[in-house]
Protein chains: 2
Amino acid sequence: MTIREVARRAEVSIATVSRVLNHSKPVSEELKRRIEQAVREMGYLPNAVAQSMIQKRTGLIGVIVPEISNPYFSGLVEGIESVAHQHQSHIMLAISQKDPRREMDLLRIFQARQMDGIILAAARIDGELRRAVASLTIPYVLIGQRPTGLRALCIQVDNRRAAGEVIEHLMEKGHRRIGMISGPMWDLASGRERYEGYRDALWKAGKTPRPEWIAEEASFRLKDGVKGMEKILRADEPPTAVFCACDRMAVGAFQALESRGVRVPEQIAVAGFDDEEVATLIKPRLTTVRHSPFEMGRKATEGLMSILQEEESSPDEVIQIGHEPVVRESTTSVGE
Amino acid sequence: MTIREVARRAEVSIATVSRVLNHSKPVSEELKRRIEQAVREMGYLPNAVAQSMIQKRTGLIGVIVPEISNPYFSGLVEGIESVAHQHQSHIMLAISQKDPRREMDLLRIFQARQMDGIILAAARIDGELRRAVASLTIPYVLIGQRPTGLRALCIQVDNRRAAGEVIEHLMEKGHRRIGMISGPMWDLASGRERYEGYRDALWKAGKTPRPEWIAEEASFRLKDGVKGMEKILRADEPPTAVFCACDRMAVGAFQALESRGVRVPEQIAVAGFDDEEVATLIKPRLTTVRHSPFEMGRKATEGLMSILQEEESSPDEVIQIGHEPVVRESTTSVGE
DNA sequence: CTGTTAGCGCGTTCAT
DNA sequence: ATGAACGCGCTAACAG
């Protein structure tokens, strides 16, 4: 079923059919009628692959995320898709499982497949992957981090500042011994930034947290929160408040505290990060930082689209997405 | 950057370059060496769009889901992607927002874009959409439902049976007055199936639930669970156990019960469906039905792939995905 | 083994 | 306003 068959049926040339289909040039009412009828009768659909080849535009955005069963990334993808849809574009979604080699492969594949642009939300962009990104020949946007020495549009949350605000909140509540359950420092860039925000906020207040108050776990899962809190509770003089790198770990921390009979927030205040749905489902409800992965996805895609339209090269810009501390019952206590 | 330039640089014909790149025909070591060197030096990448056009195979699977910020669908997509990846294929992901018109548009677009196959996880497939699916010219797999009069491969959970098992569990616990908080009957197909499983299980046991024990809410969200439970509590003689169409609604039911000082499971037992992560995070932990959206995605894609390879037409088969009731503290009580 | 050529389906000149 | 012919980048069939 090609344009040629439509042309034959309508007894016109393929050029005329193309003109009617694309409204590219005026065509007499008579021929237009015959062509539209033929198209309708045959249920003809233009081959988008052939169109892409000529127009040198696929209307496809390549999206790489480490995982998707995680509200952060699914929200991100939903934001991306919504803007792509507005621009008549579609997304090719690939899940890297945090594997840098797979991420590099995907960059190659997306280039070969002539994506109009790429949105990369990799766990960490450095080493070989950083070089691969740098040598990309198509427009791209980075999510969640700003790799050094890479001119690019980056969309991220100001993790450092947001974490600092949580710590300030805890200090206002009177807490002086504040610990943190952190994920791996070198996995997600945001992990390290949240730790630095914690550290610097204390530092600015003239405090230095004891090493025993800081648990650096192997991943960001719930069980790591459990382990982290258990570790912290073993300190000679445990902290009165603990900041967790993400809500999921905070839930784990809750569980560890509960199984030891430590009450939140009366004995230990707990704060998280991300404001996932679970933050309002557990008791006490969790103080955390709200931000919008959906909005990040939107902004990233809008940025990409404007690059595509204006034919700009990489704008080397960082767009910070808004965040907002949300105070709930898990930190209403006043420390010592 | 085309194959022609590579050929020129290696001083061979484009056909020879193609042969080396695709290992399709033997080429002398000498030429092979020169070509591979040229490819490396130029960083040449074959244009996958041009390849698709010739091979009549894009290596692309179109995936339609109503939403993605929902563990069910993100798990599904992750399963699909994992198998697609094994088969060197990629996925084009589209989010329909449950809009049947958008779903129909997407079917057209996916056909125009020459997808190798389509996986459709629509909320409901009927009316115009059902006709659009039926007239699809490319292989497809349906997720979560079995529309009448449609020969197709369908992957689903046996919602009826699973819901029945939950009810049986409740009856074994001694419950005789069992209610249900259901979502809209005509939105998701699974919603109705779960209700029917509930109804039939009671019917088989010779019981007929009172209408006041059944709350049919407008959607499957948490707040609908709250409303549903409030409604049920207004009954003259409230049930001693309530089955909820999904875990999220069960959480809402928990909240409604808590705000009224009704204790779970001592005064009312509550069960859910889906075994989302939250089921183990709330207290008491939720009795529910575990099944694997990831596995559904895998099975769907494997089915699709075998259709593609064997050139079979629609196999008109229903594959039931395993499920397993998970009994936790929310139903440990013994009813009256 | 290697090179030349003919399309894949379509948009777009260029004549008419 | 319309049609014939070319080419997008590549693979495959055909010669040599």
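What you see below is based on every heavy atom in this structure, not just the backbone, and it leaves out hydrogens, waters and symmetry mates. Sequence lines set the chain letters: A, B, ... in the order given, protein chains first and strands last, and positions in each chain run from 1. Everything numeric here is computed off the predicted structure, so don't read it as measured data.
One interatomic measurement links the two molecules: CD of Glu5(A) to C1' of dC8(C), which rounds to 13 Å at whole-angstrom precision. In this structure, Leu21(A) places its CG atom 12 Å from P of dT12(C), rounding to the nearest Å. Between the CZ atom of Arg8(A) and the P atom of dT2(D) there is a distance of 20 Å, rounded to whole Å. Summarising the geometry, the separation between CZ on Arg19(A) and C1' on dT12(C) is reported as 8 Å, rounded to the nearest angstrom. Remark: P of dC10(D) and CD1 of Ile35(B) are 14 Å apart, rounded to the nearest angstrom. Taking atom CD of residue Gln55(A) and atom P of nucleotide dC10(C), one finds them 12 Å apart after rounding to whole Å. The distance between atom CZ of Arg113(B) and atom C1' of dG9(C), rounded to the nearest whole Å, is 15 Å. Between Leu45(A) atom CG and dC10(C) atom C1' there is a gap of 14 Å when expressed in whole angstrom units.
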Working for side-chain hydrogen bond (donor to acceptor under 3.5 Å, both in side chains), residues Thr58(B) and Gln114(B): CA-CA 7 Å; Thr58(B) 53; Gln114(B) 314 294 120; over 6 Å; no

side-chain contact (heavy atoms from CB on, under 4.5 Å) evaluation trace for Glu81(A) with Leu93(B): CA-CA 8 Å; Glu81(A) 211 269 355; Leu93(B) 178 72; 5.6 Å; no

Verdict with reasoning, Ile3(B) to Ser18(B), per side-chain contact (heavy atoms from CB on, under 4.5 Å): CA-CA 8 Å; Ile3(B) 197 176; Ser18(B) 174; 4.0 Å; yes

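Looking at Arg298(B) and Ser82(B), their side chains do bring a donor and an acceptor atom within 3.5 Å of each other.
Taking only side-chain nitrogens and oxygens, Thr16(A) comes nearer than 4.0 Å to OP1 or OP2 of dG3(D). For the pair Asn22(B) and dT11(D), the criterion of a side-chain N or O lying under 4.0 Å from OP1 or OP2 is met. When the side-chain nitrogen and oxygen atoms of Gln51(B) are compared with OP1 and OP2 of dT11(D), one or more of them lie within a distance under 4.0 Å. Between Tyr44(A) and the phosphate of dG9(C), there is no side-chain N or O to OP1/OP2 separation shorter than 4.0 Å. At least one side-chain nitrogen or oxygen of Ser28(B) sits closer than 4.0 Å to the OP1 or OP2 atom of dT2(C).
Atom CG of Leu107(A) is separated from atom CE of Met115(A) by 12.0 Å, given to the nearest 0.5 angstrom. Annotation: the span from Ile80(B) atom CD1 to Phe73(B) atom CZ amounts to 10.5 Å, rounded to 0.5 Å.
Of the candidates dT12(C), dG3(C), dG3(D), dG3(C) carries the atom nearest the Val12(B) side chain, counting heavy atoms from C-beta on. In the set dT4(C), dT11(D), dT2(C), the nucleotide with an atom closest to the side chain of Ser18(B) is dT11(D).
Residues Lys25(B) and Val17(A) both approach DNA chain C. Their nearest nucleotides, taken by heavy-atom distance, put Lys25(B) toward the 5′ side.
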Might you list the N or O atoms of the protein lying below 3.5 Å from N or O atoms in nucleotides 6-8 of chain D, with each pair's distance?
unit_1	atom_1	unit_2	atom_2	d
dC8(D)	O3'	Lys56(A)	NZ	3.1

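Between Tyr140(B) and Ala134(B), the shortest heavy-atom distance links the atoms OH-CA, 4.5 Å.
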